[in-house]
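Here the structure is laid out as structure tokens; the discussion comes afterwards.
Nothing here was measured: the structure is a model prediction, and the numbers come from that model. Convention: sequence-line order gives letters A, B, ...; per-chain numbering from 1.
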Amino acid sequence: MDEAAHERIRAAVAAIPAGTTSTYGAVAAEAGLPGRARLVGRVLREDGHDLPWHRVLRADGTCAPHVAQEQAARLRAEGILVEGGRLPKAFRSRREP
DNA sequence: TGCTTGACGCGCT
DNA sequence: AAGCGCGCCAAGC
């Protein structure tokens, strides 16, 4: 495995401002691993327990199937309303064109 | 050693 | 709008 990349991914997730969200692809790209979105998911599964993983959504703004409930609840706590398991575009402030 | 799986992304139909 | 397939790569079996 790639421990350096692993750490950069954690850093990228930790750097997501509270009240905003990002995506797996964006986090991967910011960690210097473009196209490795899946790797981000792996890392969050293994080491995401101390990170704001709930701020990380899929590229289309939907929550990850495994944690959708938990994530939606946490996002609400951050002031982000999730409708139908989907996040309003307006909240996607990180790495969006 | 080699195949399958998976917190994903993106283009095409 | 919704679904399907392909690419990426580390882990698990």
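Rounding to the nearest 0.5 Å places CG of A:Leu81 at 10.0 Å from CG of A:Leu75. Between the CG atom in A:Leu57 and the OG1 atom in A:Thr23 there is a gap of 8.0 Å [rounded to 0.5 Å]. The distance from atom NE2 of A:His66 to atom CG of A:Leu44, rounded to the nearest 0.5 Å, is 12.0 Å.
Base pairing in DNA chain C yields stems of at least 3 consecutive Watson-Crick or G-U pairs, both distances under 3.5 Å, namely B:2-6 with C:9-13, B:8-13 with C:2-7.
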Name the atoms and distances for all side-chain donor-acceptor pairs under 3.5 Å in residues 48-56 of chain A, with sequence neighbours left out.
unit_1	atom_1	unit_2	atom_2	d
A:His54	NE2	A:Glu78	OE2	3.4
A:Arg55	NE	A:Glu78	OE1	2.9
A:Arg55	NH1	A:Ile16	O	2.8
A:Arg55	NH2	A:Glu78	OE1	3.4
A:Arg55	NH2	A:Glu78	OE2	3.2

Considering only nitrogen or oxygen atoms on both sides, find all protein atoms under 3.5 Å from nucleotides 10-13 of chain B and state each distance.
none

Are there any protein N/O atoms within less than 3.5 Å of an N/O atom in nucleotides 11-13 of chain C, and if so, which ones and at what distance?
unit_1	atom_1	unit_2	atom_2	d
C:dA11	OP2	A:Met1	N	3.2
C:dA11	O4'	A:Arg42	NH2	3.0
C:dA11	O3'	A:Arg42	NH2	3.3

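Look at A:Arg36 and you'll find a side-chain N or O under 4.0 angstrom from OP1 or OP2 of C:dC9. The side chain of A:Arg58 contributes an N or O atom lying less than 4.0 Å from OP1 or OP2 of B:dC8.
Looking at every heavy atom in both residues, A:Cys63 comes nearest to A:Gln71 through CB-OE1, 3.4 Å. Across all their heavy atoms, A:Ala64 and A:Tyr24 have their closest contact at CB-OH, 3.5 Å. Considering every non-hydrogen atom in both A:Ala31 and A:Arg8, the closest pair reads O-CD, 3.4 Å.
Looking at residues 49-56 of chain A, you'll see that no heavy atom sits under 4.0 Å from any atom of DNA chain C.
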Requested in this report: Dump the intermediate steps for salt bridge (charged side-chain N to carboxylate O under 4.0 Å, His left out) on A:Arg10 and A:Glu3, then the final yes or no.
Outcome: CA-CA 11 Å; A:Arg10 284 190 274 173; A:Glu3 197 54 51; 3.7 Å; yes
Report task. Just do the side chain to side chain contact (heavy atoms under 4.5 Å, CB included) check on A:Glu30 and A:Ile9 with the steps written out, would you? Result -> CA-CA 8 Å; A:Glu30 201 176 309; A:Ile9 289 171; over 6 Å; no
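Distances were taken from every side-chain heavy atom of A:Arg38 (C-beta onward) to each of C:dG7, B:dA7, B:dG9; the shortest belongs to C:dG7.
In this structure, CG of A:Leu57 is placed 12 Å from C1' of B:dC8, rounded to the nearest angstrom.
In terms of the side-chain hydrogen bond (donor to acceptor under 3.5 Å, both in side chains) criterion, residue partners of A:Asp47 (sequence neighbours excluded) are, by chain and number, A:His6.
A salt bridge does not link A:Arg76 with A:Glu70: every distance from a Lys NZ or Arg NE/NH1/NH2 to an Asp or Glu carboxylate oxygen is 4.0 Å or more.
Environment of CD in A:Glu46: crowded, with over 12 heavy atoms of neighbouring residues, nucleotides or ligands closer than 6.0 Å.
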